[in-house]
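Structure first, commentary second.
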Amino acid sequence: MARNDATEPRAAKGIDRRTFLHAGAVGGLAAAAGSLAPFAAAEAASPVREGPRDPATAGFRAPAFELEEMTIAELQEGMRTGRFTARSLVEAYLERIEALDRQGPTLRHVLETNPDALEIADRLDEERRTRGPRGPLHGIPLLLKDNIDTADRMTTTAGSLALEGSIPPRDSFVAERLRAAGAILLGKANLSEWANFRSTRSSSGWSGRGGQGRNPYALDRTPCGSSSGTGGAIAANYAAAGIGTETDGSIVCPSSVNSLVGIKPTLGLVSRAGIIPIAHSQDTAGPMARTVADAAALLGALTGVDPRDPATAASRGHAHADYTRFLDPDGLRGARIGIPRKGLFGYSPHADRLAEEAIEVLRDAGAIIVDPADIPNLGEYDDSEFTVLLYEFKADLNAYLASLGPGAPVRTMEDVIAFNERERDRSMPFFGQEIFEMAVEKGPLSEKEYLDALARNHRLSRAEGIDAVMDRHRLDALVAPTGGPAWPIDLVNGDHFLGGASTAPAVAGYPHITVPAGYAFGLPVGLSFIGRPWSEPTLIRLAYAYEQATRHRRPPRFLPTAELTVT
């Protein structure tokens, strides 16, 4: 799921703030849908393969694609009128993956595709003809991050060679809900291996199974965060939308640097059952899409109380089956928006510039701007957050691996560590597994160190943090830049994350939505809307109004690097 923050240096047992997985740690295809052969680890550092070049842009000239930037509603209308079928959508997206993931810019964002996708599409087409569509996701192809269980012919591996071939005994709640809604699970997206909670020197978007994913806006730049494959794939129009997971930043960071809308829900709104975990006090799944409307449609399909995840009991009475009813182009009028400058501005002049422009848009759209509206205690729980993540990672991962049954390739965290040591050349060619080694030394969740750290995190981030500033100023939301532009991929030194808005809502378990805010040197930057628990309807209303006022999203051009030419 994913961690992705960093603003100030820290030190603990010789580990600096990189331990917090700056860039999103915490946190294949055959012609008719089959498994991608895993990329060799050494290939992760290979140069981009040259495809046809467009002299006007110096970018890869992607084949014409009829579905490019089409929304879920447009795809549904196309199926209603007979322009499309679910099968034709699957075929088109599979061709797109083949053209861009294995050839051309070789983005490396899909680990495997569903070998049953076309058969599923045929059944859904027949159901549409005989009984009508189930709802807005009927026949819509989606991608899932490869830490979300599917009990089908696709594997679930968190990108790790240690789990190669692993098929869980049951669908995750997320997969169950999507199948019930009529969605087609098209494939599994690459990710930062083990949701980037493996090493202090990791590179976002790299996994042993998939190699290094690339940002489709500039191929030498990071796709950011552990949900990097979902982010890059949806930005490049591999599917209608996708599902990512986040522990701290790995929905919002890849969404921000790939010009997407990402929704990190309130903890408990979406069940985590059947998702390879980092930490149950912060983990959640959420939608990643090209528009707020698509993200809202997807979120409604994911909600529901699940006995396998006790946290979802708190969502009763707060969840909605249809979040699209909160889409309001005039939704900013009269809203009270706070600007938390301390700690969330100042690390990137480019992000600051775009955020200042966004604040003027919010004001012009009728919002009441409270500036500054700083979040108290920001940064004071970084060390205790990491402590909690280590304890919960050991407990939660061991529980997940045990649930796979006696045929699982690995059964414990110790087994994973031993596998990585045996297969060091393949599993750890660029960085190690220091975080695994720290986590395995932790004791049970009854230990005082863990309980004190968890209580401190919740107190400082909730009542004395986000709640305090929102109460004081009677705010509907907090707004800040999601993060800076994507940094260059660096497999030698690891990620170069400068800062971001993810940590306070992640530790608190509060909702966080990012929306495209513009571009710096052709690199996308997002704008964050942060609120109280269960305030997704309000945040969606505000984010949609901002999106409609600006319409910043534009598709990638697969440039070899950022637009740095001075004219």
Side-chain angles (χ1 to χ4, degrees), residues 1 33 71-73 75-76 79 86-87 89-90 93-94 110-125 127-128 133-156 167-168 170-189 191 227 229-230 233-234 238-246 251 261-265 269-276 283-290 293-306 308-309 312 315 319-324 536:
M1 294 187 195
T71 66
I72 290 173
L75 296 175
Q76 282 294 347
M79 286 188 283
R87 182 184 183 91
L89 297 183
V90 169
Y93 283 126
L94 290 177
V110 175
L111 292 177
E112 58 188 295
T113 55
N114 189 344
D116 300 316
L118 291 172
E119 180 184 342
I120 293 167
D122 288 341
R123 291 200 301 266
L124 289 166
D125 283 334
E127 182 178 329
R128 182 185 293 271
R134 301 180 194 180
L137 295 184
H138 188 107
I140 299 295
L142 304 173
L143 286 171
L144 302 184
K145 185 177 178 179
D146 183 44
N147 60 351
I148 300 174
D149 283 354
T150 55
D152 51 19
R153 289 202 285 162
M154 293 188 289
T155 60
T156 305
I167 296 178
R170 178 178 173 179
D171 270 350
S172 61
F173 184 82
V174 164
E176 288 177 356
R177 295 288 290 166
L178 292 173
R179 291 191 207 274
I184 298 170
L185 307 186
L186 184 65
K188 293 294 186 74
L191 70 161
S227 301
T230 309
I234 302 309
Y238 284 10
I243 306 294
T245 67
E246 174 166 328
I251 287 174
V261 175
I263 301 179
K264 197 284 290 188
L269 186 64
V270 177
S271 171
R272 288 81 53 84
I275 298 178
I276 299 176
D283 288 351
T284 185
M288 300 170 68
R290 292 183 290 271
D294 283 357
L298 197 50
L299 181 62
L302 301 178
T303 64
V305 175
D306 178 12
R308 291 195 287 162
D309 184 354
T312 60
S315 72
H320 299 271
D322 180 11
Y323 285 90
T324 63
E536 283 83 358

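This is a predicted model, so every value here is computed, not measured.
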Looking only at non-hydrogen atoms, find the nearest pair between [X] and [Y] and report the distance.
X      : Y      : value
Tyr93  : Pro141 : CD1-CG, 3.7 Å
Ile234 : Ala289 : CG2-CA, 4.1 Å
Ile140 : Leu75  : CD1-CB, 3.8 Å
Tyr323 : Glu536 : CE2-CB, 3.9 Å
Ser271 : Thr312 : CA-CG2, 3.6 Å
Ile243 : Pro287 : CD1-CA, 4.3 Å

Side-chain heavy atoms of Arg134 within contact of Leu124, under 4.5 Å: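 Sidechains of Leu124 and Arg134: in contact.
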
Check whether any side-chain heavy atom of Leu298 lies under 4.5 Å from a side-chain heavy atom of Leu142, and answer yes or no.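 They are in contact (side-chain heavy atoms under 4.5 Å apart), so the answer is yes.
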
Nearest 0.5 Å, please: how far is [atom2] in [Y] from [atom1] in [X]?
X      : Y      : atom1 : atom2 : result
Leu143 : Leu185 : CG    : CG    : 9.5 Å
Asn114 : Glu119 : CG    : CD    : 9.5 Å
Leu299 : Thr324 : CG    : OG1   : 10.5 Å
Leu302 : Glu176 : CG    : CD    : 12.5 Å
Ser227 : Ile148 : OG    : CD1   : 7.5 Å
Ile251 : Lys264 : CD1   : NZ    : 8.0 Å

Under the 3.5 angstrom rule, does the side chain of [X] hit a backbone N or O of [Y] as a donor-acceptor pair?
X      : Y      : value
Arg87  : Asp125 : no
Ser172 : Asp149 : yes
Arg128 : Ala86  : no
Thr303 : His320 : yes
Glu112 : Thr155 : yes
Arg290 : Thr71  : no
Asn147 : Ile275 : no

Checking side-chain contact (heavy atoms from CB on, under 4.5 Å) for the pair Leu178/Leu144: CA distance, chi angles, key distance, verdict? CA-CA 10 Å; Leu178 292 173; Leu144 302 184; 3.7 Å; yes

Where do Thr156 and Lys188 land on the side-chain hydrogen bond (donor to acceptor under 3.5 Å, both in side chains) test, with the steps shown first? CA-CA 8 Å; Thr156 305; Lys188 293 294 186 74; 2.8 Å; yes

Stepwise, does the salt bridge (charged side-chain N to carboxylate O under 4.0 Å, His left out) test hold for Arg123 with Glu127? CA-CA 6 Å; Arg123 291 200 301 266; Glu127 182 178 329; over 6 Å; no

Pairing of Asp152 and Arg179 as salt bridge, 4.0 angstrom limit: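 Yes, charged N to carboxylate O under 4.0 Å.
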
Will you find, in the side chains of Lys145 and Thr230, an N or O donor that is under 3.5 Å from an N or O acceptor?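 There is no such pair between these side chains.
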
For Val261 and Asp294, what are the C-alpha separation, side-chain angles and deciding distance, and is it a side-chain contact (heavy atoms from CB on, under 4.5 Å)? CA-CA 9 Å; Val261 175; Asp294 283 357; over 6 Å; no

